[in-house]
Amino acid sequence: MRYFLPFLVLLSIVSSKNTCAQEGSLALPDPFTFNNGEKVKSVKDWERRRKEILEIMTREMYGVSPDRPKKMHFKVFDLDRNALGGKATRKQVTVRIIREGREARFDLLVYIPNQARRPVPAIIGLNFIGNQAIHSDPGIKLTTAWVENSRMFPCASDGRATDACRGVNASQWAVDSILARGYALVTLYREEVASDRKAHAFQTGVHTLYPALQRREDNFGTVAAWAWALSRGMDYLETDKDIDAKRVAVFGFSRLGKAALWAGATDRRFAAVLSNESGAGGGKLFRRGVGEDINRLCTMFPYWFARNLGKYKGKDTELPFDQHFVVALIAPRPVYLATAGDDKNSDPPGEFATARAADAVYRFLGTNGLPDSPFPALNQPLTGQIGFHIRPGGHDVKMFDWIQILNFSDLHLQK
Ligand code: GCU
């Protein structure tokens with residue numbers, strides 16, 4: 001033992017350079033141990049443990065979301081069977097939710113490939129700048145919600161979208177490839193659902209319908225509100241005969257990737273989850289203590305998560321839960337974590353560690369989980385029921401990401 005311990009220390013120093021070996025040495029909360037210390041021994045046990053995990057992540061991290069609204073209406077206000085030069089059918093749908101005399105609305109933009117046999121599988125995801133930003137198609141309604149006139153996308157005037165906002169974010173949305181590969185694309189704007197401005201948090205969109213949910217420490221956070229809206233998008237898709245609601249994947253980039261993961265975790269109707277650089281509060285494990293931490297999340301974006309998360313500022317490496325619990329909630333459904341080498345904030349090895357840690361649950365439930373492999377080289381995707389890649393470059397959604405995401409989706413969603 002006397003010789004063994006220094007050897008272990010040396011080994012961990014050596015292996016800490018090799019980020020892939022790290023997750024093996026992290027003492028993570030065990031998805032298979034019940035709160036009372038008992039162990040999960042069967043799939044039936046897992047269903048009970050899953051409820052505990054859902055309860056923990058809801059209470060401590062994302063906050064409580066409302067049930068499916070009783071009064072909700074879908075109005076298809078636009079239908080063009082000949083959109084994008086005949087390649088797609090475009091529908092735009094307003095989701096109206098009414099509760100106690102108040103109303104919230106947001107729009108879904110739906111493109112359905114014309115060449116594919118219907119009903120088609122779909123990919124649904126929130127966008128950053130408004131539906132009109134994902135493609136230059138002049139038929140897309142300009143959002144009337146607030147749009148930032150940012151340095152990257154200087155298109156808004158007085159907080160309103162202008163025609164200059166059409167297609168400004170198109171490089172992150174591979175619309176043509178998605179359609180050509182037989183998927184419908186469905187998107188909605190984060191700001192119509194719930195404001196992403198600190199000063200306006202909880203005062204717009206769906207939050208205004210549920211004021212009581214804000215008066216608690218496990219309050220309905222903004223990431224949860226976005227996830228909840230994705231579920232309402234799914235409610236609509238279940239009514240659309242052109243879409244196969246059993247083959248809908250939920251996608252998101254960055255903060256919206258956090259929402260996609262939580263949507264997949266809380267709503268089992270999503271057949272797959274596709275996360276692109278979701279990072280802290282998404283696919284990255286906090287336990288490594290690398291990249292964006294809880295203190296930063298709770299300081300910069302105190303409204304994203306439940307107030308309870310604030311208890312864990314500075315305690316990233318000793319949490320009683322971690323993000324592998326979120327992926328475990330998605331199991332055994334396919335999940336893909338796309339990362340980028342220069343995106344240090346979202347700590348790609350931390351996302352890999354999450355995938356590794358959730359792998360046991362995927363295997364327990366009878367899937368092949370994440371391929372048994374060390375941390376992969378750049379541009380070498382790993383594909384099992386859990387998929388992962390790291391590409392060169394920074395925080396973005398690139399064509400490379402979409403190609404892998406679509407390859408992964410083909411494996412799991414195309415008949
Ligand atoms: C910030 C934030 C990240 C988030 C990112 C984004 O960088 O710290 O957690 O993922 O914004 O949404 O682009």
Side-chain angles (χ1 to χ4, degrees), residues 113 116 120-126 172-187 230 243-244 246-254 256-261 263-265 268-279 282-284 323-324 326-341 343 346 348 351-352 354-356 358-359 361-363 365-373 375-393 396-415:
V120 294
I123 297 176
I124 182 170
L126 289 143
Q172 291 185 342
W173 292 89
V175 178
D176 288 347
S177 306
I178 294 167
L179 293 170
R181 304 240 332 221
Y183 296 89
L185 174 64
V186 185
T187 189
L230 288 163
I243 310 277
D244 181 352
K246 296 261 179 298
R247 291 187 292 149
V248 177
V250 60
F251 162 83
F253 167 45
S254 209
L256 306 179
K258 307 181 207 299
L261 282 163
R268 289 165 124 174
R269 292 174 301 171
F270 290 114
V273 182
L274 311 167
S275 150
N276 194 85
E277 297 153 35
S278 56
K284 154 181 130 65
Q323 296 304 108
H324 63 310
V326 175
V327 178
L329 290 170
I330 296 167
R333 289 164 294 149
V335 62
Y336 197 88
L337 302 180
T339 73
D343 186 12
S346 37
E351 295 218 17
F352 187 68
T354 297
R356 264 276 153 267
D359 170 70
V361 176
Y362 274 77
R363 289 184 193 256
L365 296 176
T367 77
N368 63 357
L370 179 72
D372 195 9
S373 153
F375 189 76
L378 294 173
N379 296 338
Q380 299 294 318
L382 295 175
T383 359
Q385 195 74 2
I386 306 179
F388 178 90
H389 77 237
I390 177 164
R391 60 151 174 82
D396 200 350
V397 195
K398 299 279 205 194
M399 201 55 196
F400 179 85
D401 299 315
W402 274 113
I403 291 169
Q404 313 321 314
I405 283 170
L406 291 170
N407 289 346
F408 183 76
S409 301
D410 281 359
L411 280 177
H412 298 290
L413 298 180
Q414 290 290 11
K415 284 178 181 158

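Side chains included, hydrogens not; waters and symmetry mates left out as well; all remaining heavy atoms used.
- Here the OG-NZ distance, from Ser275 to Lys284, works out to 13.0 Å after rounding to the nearest 0.5 Å.
- For Ala355, the side chain to side chain contact (heavy atoms under 4.5 Å, CB included) test picks out Leu337, Leu370, Ile386, with sequence neighbours left out.
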Run the side-chain contact (heavy atoms from CB on, under 4.5 Å) test on Arg333 and Gln385 for me, step by step, so that the C-alpha distance in whole Å, both residues' side-chain angles and the decisive distance to 0.1 Å come before the verdict. CA-CA 7 Å; Arg333 289 164 294 149; Gln385 195 74 2; 5.5 Å; no

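- The salt bridge (charged side-chain N to carboxylate O under 4.0 Å, His left out) check on Asp396 picks up Lys398, with sequence neighbours excluded.
- In this structure, CG on Leu230 lies 8.5 Å from CG on Leu256, to the nearest 0.5 angstrom.
- Interatomic distance, Phe400 CZ to Ile405 CD1, rounded to the nearest 0.5 Å: 10.0 Å.
- Within the structure, salt bridge (charged side-chain N to carboxylate O under 4.0 Å, His left out) pairs that include any residue of residues 175-186 comprise Lys87-Asp176, Arg181-Asp410 (at least two apart or interchain).
- Using a 30° and 60° split on the angle between ring planes, Phe251 and Trp173 fall in the perpendicular class, above 60°.
- For Pro332, the side chain to side chain contact (heavy atoms under 4.5 Å, CB included) test picks out Leu365, Thr367, with sequence neighbours left out.
- Annotation: side chain to side chain contact (heavy atoms under 4.5 Å, CB included) contacts of Ala328 (sequence neighbours excluded): Trp46, Val361.
- With sequence neighbours excluded, no residue forms a ring pair (Phe, Tyr, Trp, His ring centres under 6.0 Å) with Tyr362.
- Among residues two or more places apart in sequence or in another chain, the side chain to side chain contact (heavy atoms under 4.5 Å, CB included) test is passed with Ala338 by Asn276, Tyr336, His389, Asp401.
- Taking Thr187 as the reference, Asn127 meet the side-chain hydrogen bond (donor to acceptor under 3.5 Å, both in side chains) condition, with sequence neighbours excluded.
- Every residue meeting the salt bridge (charged side-chain N to carboxylate O under 4.0 Å, His left out) condition with Glu277, not counting sequence neighbours, appears here in chain and number order: Arg391.
- Rounding to the nearest 0.5 Å gives a distance of 9.5 Å between CD of Gln404 and CD of Gln380.
- Residues Ile390 and Phe352 are not in side-chain contact: their nearest non-hydrogen atoms beyond the backbone lie 4.5 Å or more apart.
- The CZ atom of Phe388 lies 7.5 Å from the CG atom of Leu382; values are rounded to the nearest 0.5 Å.
- Shown here are the side-chain hydrogen bond (donor to acceptor under 3.5 Å, both in side chains) partners of Ser346, two or more places apart in sequence or in another chain: Asp343.
- The CG atom of Leu413 sits 7.5 Å away from the CG atom of Leu274 when rounded to the nearest 0.5 Å.
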